[in-house]
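Predicted model, so just to flag it, every value in this text is computed and none were measured. Ligands are counted one by one from 1 in listed order, and the atoms in each one are counted from 1 as well.
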Amino acid sequence: MFGGGDELFLGFDFSTQQIKVVAVNSSLKVVHESTVNFDRDLPEFRTEGGVHIHDDQLTVTSPTIMWVKALDLLLTRMKDSGFNFSAVVALSGAGQQHGSVFWKDGAAKVLDNLQSDTLLHVQLKNYFSIPDSPIWMDSSTTEQCENLEKIIGGPQKLADITGSRAYERFTGNQIAKIFQSRPADYQRTEHISLVSSFAASLFHGAYVPIDISDGSGMNMMDIHNHQWCQQALDACAPNLCDKLGPLVPSYHKAGSISSYFVDRYGFSPECAVIAFTGDNPASLAGMCLQKGDVAVSLGTSDTLFLWLETPQPALEGHVFANPVDASAYMALLCFKNGSLTRERVRNSVADGSWETFSHLLEATNPGNDGNIGIYFNVQEITPSAVGTYRWNSDGKAVPSFPPGTEVRAVVESQFLAKRLHAENLGYNIGCNSRVIATGGASSNTPILQVLSDTFNAPVYTLDTTNSACLGSAYRAKHGREGGDKVAFTKVVKCAPAYQLAVSPRLEAHNIYSKMLERYKEYEQKIV
Ligand code: 5FX
């Protein structure tokens, strides 16, 4: 049964709206997928999109026990479909980043003693001191953020240590709010997990440590030495070091699976539980990013993942420890004005047609004959600005551009912004760099050509519908094979291949490198 070809690896994703699992075989081929959607499958929790938005519109939580209940439902579905749990040799997973779980005094004992004839949620329902977990959509902790930055010595100092300035959704600030608003519940909390380490703990039947990559999204970890920053812990709440436990590399093998899962579902008692991590780090693993790579997700908002060797934390974006190589880093940059902004321009000058948009783009020159536009439909995150701005080749502000110029201006400025802010975080264009494009606009070749020319790198595409789950399954294999002893790239050699979409053109790249200086000036003007 356990002969090479039959070994399976599971990758879970505890995301905002659902939990999902994929199983891959030893050639990393997907052999099974299952999902539980919180709103649809567990209506008793009355979530919308998996969350509860509170009356103040700032506080956003999810019922912790809903996640527990969903796990048994997911595994039951797999069992009913005939899935062979006994072939699973390792599992890992991802969790929505920043969310926190507060285990009540006595929970570790219950975890250690799970009874396989009773569902997990029945056994654990009274063991969360804060039954509603704060999640990443929460923005109610501005006061705690200001306090943390003040105590550490300012936003840049905090970013230098923890990889990010203070953000409302980051877990340290969330914990500080819980401690201040519910001191008795905080007191009764024996352990605090992230969503990722909470899910791993259910499988292991004991607290699994927070991994360094997801731990970087808390504003409390020193990203350089992978230790808690004591000053940040103290600024957030008392006794945090005890309640959080140690930090581990993301490929840490926590141990074997709890007998609950062996007896109830038929897992092998030897099945290894590898530390879970955040959904973004897991996606980086799922896309098999390597040194020098940039992943650009072109969706409603555009997101950039960068593989970094020498990070330069800034007041924008986030630097995390790398989930597949603990000596490296990854950066995350989010641009709110992604496809909706491109669509607005398409609707206003290209008859609402992507085909016309592409023709217009191809009919104009790289560099747009000196015209530059900046289009932020909604308040942008990177940089903090809003509005539409246009400058002609003389640097004069103008109210409009002809259709072709307008189309090229929106695409060029979006990619120049990505390069500028990537470089601000320590990214360097190297000769082996690759850009991995995903999301809706990654099927538009003329758009990808501008991306390729801006970054002077070939652009590849990859189907990443399941990248967090896949990355988790790959990490399960990596962790089982000894994490620090074997390179992740070796483990994922047989992962699905990238498709080369376009290659960079040096002449166009030189134009963009010059244009970047002007773009930077204009961006500074409007912030
Ligand atoms: C990253 O910092 C985020 O807040 C989100 O991408 C969450 O991880 C979504 F789950």
Side-chain angles (χ1 to χ4, degrees), residues 11-20 35 37-38 47 49-51 53 58-62 66-67 70 93-101 133-141 145 158-159 162-174 193-199 210-221 223 250 276-287 295-306 311 313-323 329-336 338 381-382 421 425 438-439 464-469 471-472:
F12 291 84
D13 182 17
F14 283 66
S15 71
T16 316
Q17 308 196 19
Q18 60 181 19
I19 52 174
K20 194 166 188 177
T35 308
N37 178 283
F38 302 133
T47 54
V51 310
I53 301 180
L58 299 174
T59 306
V60 185
T61 59
S62 291
M66 174 180 78
W67 297 331
Q96 50 170 305
Q97 292 205 255
H98 320 295
S100 43
V101 170
S133 284
I135 65 150
W136 66 279
M137 292 162 77
D138 186 287
S139 52
S140 66
T141 64
C145 288
L158 183 65
T162 70
S164 303
R165 66 173 303 172
Y167 285 91
E168 276 82 356
R169 67 189 192 287
F170 275 45
T171 326
N173 309 304
Q174 293 293 337
S193 295
L194 293 178
V195 177
S196 55
S197 60
F198 145 81
I210 291 174
D211 78 292
I212 54 173
S213 204
D214 209 10
S216 311
M218 301 173 79
N219 271 153
M220 296 190 295
M221 189 193 95
I223 56 162
S250 310
F276 283 31
T277 190
D279 52 354
N280 294 300
S283 290
L284 176 131
M287 288 188 261
V296 182
S297 156
L298 300 167
T300 311
S301 53
D302 292 347
T303 310
L304 229 68
F305 293 160
L306 309 166
L315 294 183
E316 61 205 17
H318 312 296
V319 177
F320 298 153
N322 190 299
Y329 298 84
M330 71 173 280
L332 185 69
L333 274 166
C334 193
F335 302 84
K336 237 192 209 164
I381 301 173
T382 327
H421 295 284
L425 282 172
T438 68
T464 54
T465 348
N466 278 334
S467 58
C469 278
S472 301

Point to revise | Check: I210 and S193 side chains under 4.5 Å, non-hydrogen atoms | key: no
For residues T162 and M220, determine if any side-chain heavy atom of one lies less than 4.5 Å from a side-chain heavy atom of the other.
no
* Asked: Side chains of Q17 and N37: is there a donor and an acceptor less than 3.5 Å apart?
  -> no
of all protein heavy atoms, closest to atom 1 (C) of ligand 1 is N280 ND2, 3.2 Å
Among non-hydrogen protein atoms, atom 10 (F) of ligand 1 lies closest to D279 OD2, 2.5 Å
Discussion item. Is it the case that the side chain of N219 and the backbone of Y167 share a donor-acceptor pair, with hydrogens and angles ignored and the cut-off at 3.5 Å?
Written reply: yes
For ligand 1, find out whether one of its N or O atoms is nearer than 3.5 Å to an N or O atom of W136.
no
In this structure, atom 4 (O) of ligand 1 is nearest to the protein heavy atom R169 NE, 2.8 Å
Per-atom filter on ligand 1: closer than 4.0 angstrom to a heavy atom of Q96 are 10 (F)
Among non-hydrogen protein atoms, atom 2 (O) of ligand 1 lies closest to H98 NE2, 2.7 Å
| query | Can you find a pair of side-chain heavy atoms, one from I19 and one from F38, that are under 4.5 Å apart? | reply | yes
Within 4.0 Å of some non-hydrogen atom of L332, the atoms of ligand 1 are 1 (C), 2 (O)
Per-atom filter on ligand 1: closer than 4.0 angstrom to a heavy atom of Q97 are 7 (C), 8 (O), 10 (F)
*Tell me whether the centres of the aromatic rings in H318 and F170 are closer together than 6.0 Å.*
yes
